[in-house]
Visitor: 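My structure is below; once you've seen it, I'll send some questions.
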Amino acid sequence: MFHLTEEHLAVQQAARDFAQNELKPGVIERDSKGIYPTEQVKKMGELGFLGMMVSPEYGGGGMDTLSYVLAMEEISKVDNSCSVIMSVNNSLVCWGIEAFGTEEQKRKYLPKLVTGEWIGSFCLSEPEAGSDATSQRTTAVDMGDHYLLSGTKNWITNGATSKLHLVMAQTYPEKAHRGINCLIVEADWPGVTIGAKEDKLGIRSSDTTSIMYSDVKVPKANRIGDDGFGFKFAMKTLSGGRIGIASQALGIAAGAYELSVAYSKERSAFGKPISQHQAIAFKLADMATEIEAARLLVYRAALMKDQRLNYDQAAAMAKLYASEVAMRHTVEAVQIHGGYGFVKEYHVERLMRDAKITQIYEGTSEVQRIVISRNVLNGELYVPMLNTQSAELAH
Ligand code: CAA
C-alpha cells in the first residue's frame with residue numbers, strides 16, 4: 001500500500017543497523033545512570049540522522065518525511081533518548097528554521113545543526129505554560145535593533161547540550177498569542193543560564209532542563225518570520241514534530257513487540273513455548289494489529305506532509321494513537337516477559353518507561369484530542385491522503 005522505494009529501504013536498514021549494533025550495547029547503563037549519549041549523537045550526525053529533511057544546499061540529507069519516520073522508528077526500538085534528541089533537532093529546530101527562517105539564518109545555522117556540531121532545542125513550555133501554550137510569560141522587549149529576552153523555559157529537551165535555542169517570547173502582551181515572537185538564541189550569549197538536568201522516569205539519558213534568560217540581547221535579525229508570528233510558528237512546527245514523536249511511539253511499541261515475540265518462542269511453561277498458549281498468542285495478535293494501525297497513521301501523516309497537504313489533524317491522530325498503543329503494549333510486553341520483564345536486562349521495562357512521555361510531550365493526548373475534535377467539528381471528518389483536490393499548502 002505504501003510504496004517504499006529502494007532509498008527508503010536503505011535508510012530503514014541503515015537506521016536498524018545503527019540502532020542494533022551501536023545503540024543497543026550500553027543503552028541499559030546509559031539509561032540507568034542518566035549518561036548523555038555523546039558518542040552516539042556524534043555518530044548520528046556523521047550518518048546524517050540529525051538533518052535528514054534539510055535541503056542539501058544547507059548540508060542536509062534532502063530526504064522526505066517518510067524516510068525520517070522510518071529511521072525514527074528503528075532508532076526508537078532501542079534508544080529513545082537518542083531518538084528524542086534526533087526528533088527535536090530534525091523536526092522542530094531544522095525544519096522550523098528551513099521552513100520559516102531567512103536565507104541568512106538558514107546559511108548561518110543549518111550546516112552546523114545537520115552535522116550535530118550544534119544541537120538545537122525548542123523552548124516553548126514554561127513553568128505555567130504547558131498545554132496552555134498561549135500564556136507565555138517570557139518577554140522579548142523591542143529595543144529597536146534588538147530584543148531583550150527575559151524569562152524561564154521548562155522541560156527543554158537538549159537543554160544542557162543545545163547551542164541554539166528557538167525561544168518563544170511575548171513582545172506585545174496586549175495582543176495575546178498574536179504578540180509572540182520566536183527568537184534564535186545562542187546558548188553562550190550573556191544572560192543565558194541552564195538549569196540542572198531533570199531525573200526522569202524515562203528517556204533518562206537525554207538532557208531535559210530548564211533554561212533561564214535574563215536580559216539576553218537578541219539581534220532583530222534572529223527573529224523568525226514577521227513580528228508576532230511566533231505562536232503560529234510554534235504551532236506549525238509542532239505539527240511536524242508530532243509526526244516525529246508518533247514515529248518514536250511506533251518504534252517503542254514495535255520494539256517491545258519484537259522482543260515479546262522472540263521471548264515467547266524461547267520461553268516454555270506447562271510443557272510448551274508460551275507463544276503456544278492462547279493467553280500469550282492473543283496478546284501478540286492484538287499488539288501486531290494495533291501497531292500496524294499506528295504505522296498506517298504515522299506513514300499517512302508523513303506522506304501528507306510530503307505532499308504539502310494540511311497534515312495538522314493527521315499528525316495529531318498519529319501521535320495520539322501511536323502513543324496510546326506504545327503505552328498499552330509495552331505494559332503487555334512486560335507482562336509477557338513475566339519476572340524477566342521487570343528487570344533491566346530484558347529491555348522491555350525501559351521501553352515501558354519511555355512510552356509514557358510520548359503521551360505528554362509535543363502536546364499531551366488531551367491536546368491532540370482538542371486538535372482533532374476541533375477539526376472534526378469544523379467538518380474535516382476525513383482528509384483523503386492522495387486527494388490533491390483538497391490540497392492546501394502546508395506552509
Ligand atoms: N497552524 C497554524 N496556526 C495555528 C495552528 C496550526 N497548527 N494551531 C493553532 N493555530 C493558531 C490559531 O489559528 C490561532 O491564531 P488566530 O487567533 O490568529 O487565528 C492561535 O494559533 C491560537 O489557537 P487556538 O485559539 O486554537 O488556541 P488554544 O489556546 O485554544 O489552543 C492548543 C491551542 C492546541 C491547545 C495549543 O496551545 C497547543 O498545541 N498546546 C500544546 C503545546 C505543546 O504541544 N507543547 C509542546 C512543547 S514542545 C516539546 O515538547 C518539545 C520537546 O522538547 C520534546
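The figures that follow rest on heavy atoms only: side chains count, while hydrogens, waters and symmetry mates do not. Predicted model, so just to flag it, every value in this text is computed and none were measured. First listed ligand is number 1; within each ligand, the first listed atom is number 1.
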Visitor: Determine whether Leu23 and Ile75 satisfy the following criterion, side-chain contact (heavy atoms from CB on, under 4.5 Å), listing intermediate values before the conclusion.
Guide: CA-CA 8 Å; Leu23 295 180; Ile75 290 173; 3.7 Å; yes
Visitor: For a 4.5 angstrom cut-off between non-hydrogen side-chain atoms, does Tyr263 reach Ser275?
Guide: no
Visitor: Heavy atoms only: which of Glu366, His177, Lys175 lies closest to atom 20 (C) of ligand 1?
Guide: His177
Visitor: Is there at least one pair of N or O atoms, one from Arg178 and one from ligand 1, spaced under 3.5 Å apart?
Guide: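 Yes: some nitrogen or oxygen of Arg178 is under 3.5 Å from one in ligand 1.
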Visitor: Please name the pair of heavy atoms, one in Thr157 and one in Ser121, separated by the smallest distance, quoted to 0.1 Å.
Guide: O-CB, 3.3 Å
Visitor: I need the contact type for Arg242 against ligand 1. Using non-hydrogen atoms and a strict under-4.0 Å cut-off, is it side chain, backbone, both or neither?
Guide: side chain
Visitor: Would you mind checking if Glu117 and Lys42 are paired as a salt bridge, meaning a charged N to carboxylate O distance below 4.0 Å?
Guide: no
Visitor: With a 6.0 Å cut-off on ring centres, are Phe122 and Trp95 close enough?
Guide: no
Visitor: Verify the cluster assignment for Leu4 and Val298: are they in a single hydrophobic cluster under the rule of side-chain heavy atoms below 4.5 Å apart?
Guide: yes
Visitor: Considering only heavy atoms, does Glu362 approach ligand 1 within less than 4.0 Å through its side chain, its backbone, both, or neither?
Guide: both
Visitor: Check the surroundings of atom CD in Glu103: do more than 12 heavy atoms from other residues, nucleotides or ligands lie under 6.0 Å from it?
Guide: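 More than 12 within 6.0 Å, yes.
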Visitor: Using only atom types and a distance under 3.5 Å, with no angle test, would you say the side chain of Gln368 pairs donor to acceptor with the backbone of Gly363?
Guide: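 Flag set: sc Gln368 to bb Gly363 pair under 3.5 Å.
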Visitor: Check whether any N or O atom of Gly363, backbone or side chain, sits under 3.5 Å from an N or O atom of ligand 1, and answer yes or no.
Guide: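 Checking ligand 1 against Gly363, an N or O pair does fall under 3.5 Å apart.
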Visitor: Just verifying a value: how many Å separate Ile97 CD1 and Thr237 OG1, rounded to the nearest 0.5 Å?
Guide: 9.5 Å
Visitor: With respect to atom 40 (N) of ligand 1, which of Ser131, Ser206, Ala315, Ala133 exhibits the smallest heavy-atom separation?
Guide: Ser131
Visitor: So which protein heavy atom does atom 27 (O) of ligand 1 come closest to, and at what separation?
Guide: Arg374 NH1, 4.1 Å
Visitor: When the ring planes of Phe18 and Phe49 are compared, do they come out parallel, tilted or perpendicular, using 30° and 60° as the limits?
Guide: tilted
Visitor: Specify the protein heavy atom at minimum distance from atom 29 (O) of ligand 1: its residue, its atom name, and the distance to 0.1 Å.
Guide: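 Ranking protein heavy atoms by distance from atom 29 (O) of ligand 1, first comes Thr134 CG2, 3.8 Å.
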Visitor: By number and element, which atoms of ligand 1 are closer than 4.0 Å to a non-hydrogen atom of Gly130?
Guide: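 That gives atoms 42 (C) of ligand 1.
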Visitor: Would you mind listing which atoms of ligand 1 come within a distance below 4.0 Å of any non-hydrogen atom of Phe231?
Guide: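 This gives 20 (C), 21 (O), 22 (C), 37 (O) as the contact atoms.
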Visitor: Contact between Leu92 and ligand 1, counting heavy atoms under 4.0 Å?
Guide: yes
Visitor: For atom 5 (C) of ligand 1, tell me which residue out of Met235, Lys232, Lys236, Gln313 has the closest non-hydrogen atom.
Guide: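 Among Met235, Lys232, Lys236, Gln313, the closest heavy atom to atom 5 (C) of ligand 1 belongs to Met235.
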Visitor: Report the part of Val88 (side chain from C-beta onward, or backbone N, CA, C, O) that has a heavy atom under 4.0 Å from ligand 1; answer both or neither where that applies.
Guide: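 Answer for Val88: side chain.
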Visitor: Using heavy atoms and a 4.0 Å limit, tell me yes or no: is Ala234 in contact with ligand 1?
Guide: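 No, Ala234 has no heavy atom closer than 4.0 Å to ligand 1.
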Visitor: By number and element, which atoms of ligand 1 are closer than 4.0 Å to a non-hydrogen atom of Ser125?
Guide: 47 (C)
Visitor: Within the structure, does Asp132 bring an N/O atom to less than 3.5 angstrom of an N/O atom in ligand 1?
Guide: no
Visitor: Nearest protein heavy-atom contact for atom 52 (C) of ligand 1: which residue, which atom, what distance?
Guide: Thr157 OG1, 3.4 Å
Visitor: Specify the protein heavy atom at minimum distance from atom 45 (N) of ligand 1: its residue, its atom name, and the distance to 0.1 Å.
Guide: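 Among all protein heavy atoms, the one nearest atom 45 (N) of ligand 1 is Leu124 CD2, 3.9 Å.
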Visitor: Report the part of Asp312 in contact with ligand 1, treating N, CA, C, O as backbone and CB onward as side chain, heavy atoms under 4.0 Å; options are side chain, backbone, both, neither.
Guide: side chain
Visitor: Here's one to test your reading of the geometry: is the NZ or CZ of Lys175 within 45 degrees of the ring axis of Tyr172 and under 6.0 Å from its centre?
Guide: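 Ring-cation test returns yes.
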Visitor: Starting from atom 34 (C) of ligand 1, which protein heavy atom do you reach first, and at what distance in Å?
Guide: Val371 CG2, 4.1 Å
Visitor: On the six-membered ring of Tyr147, is Lys220 placed so that its NZ or CZ lies under 6.0 angstrom from the centre and within 45° of the ring axis?
Guide: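 Positive - Lys220 is close enough to the ring of Tyr147 and near enough to its axis.
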